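Take a look at the structure below.
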Amino acid sequence: FNQVFPIQVEQGTRKPNTWDWMQTRCADSMGNTAPRELIHLLICLREEEIKRLERGGAPAPGNQLFDRSVFKLALPTVSETKLNTFLFAEYPSLRNWLEKLDGEKSEQTVESLTAIWAVGAKEAIEIANQLVEVGFFQDRGPRDEPSYWVPFLYRDALHLKQGKAEADGG
């Protein structure tokens, strides 16, 4: 693995190695990484690397098959596929709530969700808990002030921005 992939996708002493990066980017909110998502990511990596080379990019260094630049380019396709073929297909009743999160922050509070979804706090918590159960949200924070975090796997498909939402839904 380490001979054909770069050591890290993102360089830096605090950044994960490539294998860990791939697993965390393909994991649901429960930390589970399905082999099909990793395989899909590898297929998308190949496609992006071919496009890069066809545009005149230099071959990846050494024995590497992929330049580090193609990893982030491959993720949106994996994200879209997972959202459409799993969440939207398996849980159509949640689609409306998920679509309303498009363009929002990757971590939400009960207050921000009530604003985004235009529902009361009790209903926002019920919906958020359903999204926790299906692996979209990870429940974080204390019981009396929960926050809901979206894993990397779904962020690109919903154009989510890094960070925690303010109480006004922004």
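Here the structure is a predicted model, which means the values were calculated and not measured. These numbers come from the heavy atoms of this one structure, side chains and all, not from hydrogens, waters or symmetry mates.
- Thr77 contributes no side-chain N or O that, together with a main-chain N or O of Cys44, makes up a donor-acceptor pair within less than 3.5 Å.
- Between Glu49 and Arg46 no salt bridge is recorded (no basic side-chain N to carboxylate O distance below 4.0 Å).
- A donor-acceptor pair under 3.5 Å is formed between the side chain of Gln8 and the backbone N or O of Lys15.
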*asked:* Run the side chain to side chain contact (heavy atoms under 4.5 Å, CB included) test on Asp67 and Arg52 for me, step by step, so that the C-alpha distance in whole Å, both residues' side-chain angles and the decisive distance to 0.1 Å come before the verdict.
replied: CA-CA 9 Å; Asp67 186 76; Arg52 191 182 72 75; 3.4 Å; yes
*Would Ile127 and Glu123 satisfy side chain to side chain contact (heavy atoms under 4.5 Å, CB included), going step by step from the backbone distance to the final call?*
CA-CA 6 Å; Ile127 297 164; Glu123 188 175 359; 3.8 Å; yes
*Show your working on side chain to side chain contact (heavy atoms under 4.5 Å, CB included) between Ile39 and Ile43 and close with a plain yes or no.*
CA-CA 6 Å; Ile39 292 166; Ile43 290 167; 4.0 Å; yes
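- When atom types are taken as modelled, the side chain of Lys164 and the backbone of Lys105 share no donor-acceptor pair closer than 3.5 angstrom.
- Comment: Glu99 engages Arg95 in a salt bridge, judged by a side-chain N to carboxylate O separation of less than 4.0 angstrom.
- Connection of Leu38 to Phe5 is established within a shared hydrophobic cluster, with ILVMFWY side chains joined at heavy-atom distances below 4.5 Å, either directly or through further cluster members.
- A donor-acceptor pair under 3.5 Å links the side-chain atoms of Thr33 to the main chain of Gln23, judged by distance alone.
- A salt bridge links Lys82 to Glu37: at least one charged side-chain nitrogen sits closer than 4.0 Å to a carboxylate oxygen.
- Salt-bridge check for Lys51 with Glu54: failed, with every basic side-chain N at 4.0 Å or more from each acidic carboxylate O.
- Heavy-atom contacts from other residues, nucleotides or ligands closer than 6.0 Å to CG of Asn96 number more than 12.
- In this structure, Phe1 has its ring center closer than 6.0 angstrom to the ring center of Trp19.
- Using a distance-only test at 3.5 Å, with no hydrogens or angles considered, no donor-acceptor pair links the side chain of Asp20 to the main chain of Pro16.
- For Arg140, the CZ atom counts as densely surrounded, since its 6.0 Å shell holds more than 12 non-hydrogen atoms of other residues, nucleotides or ligands.
- In this structure, Ile50 is not a member of the same hydrophobic cluster as Leu65, with clusters built from ILVMFWY side-chain heavy atoms closer than 4.5 Å.
- A salt bridge does not link Glu10 with Arg68: every distance from a Lys NZ or Arg NE/NH1/NH2 to an Asp or Glu carboxylate oxygen is 4.0 Å or more.
- Put simply, Tyr91 and Phe136 are part of the same group of oily side chains (I, L, V, M, F, W, Y) that touch within less than 4.5 Å, one to the next.
- Clustering ILVMFWY residues whenever any of their side-chain heavy atoms sit less than 4.5 angstrom apart, transitively, puts Leu83 in a cluster other than the one holding Leu73.
- For the atom pair Tyr154 OH and Leu98 CG, the distance stands at 9.0 Å (nearest 0.5 Å).
- A donor-acceptor pair is defined here as one N or O able to donate and one able to accept, closer than 3.5 Å; such a pair exists between the side chain of Arg155 and the backbone of Val150.
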*Checking side-chain hydrogen bond (donor to acceptor under 3.5 Å, both in side chains) for the pair Glu107/Ser147: CA distance, chi angles, key distance, verdict?*
CA-CA 7 Å; Glu107 187 171 357; Ser147 67; 2.6 Å; yes
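- Both Phe137 and Ile125 are assigned to one and the same hydrophobic cluster, defined by single-linkage of ILVMFWY side chains at heavy-atom distances under 4.5 Å.
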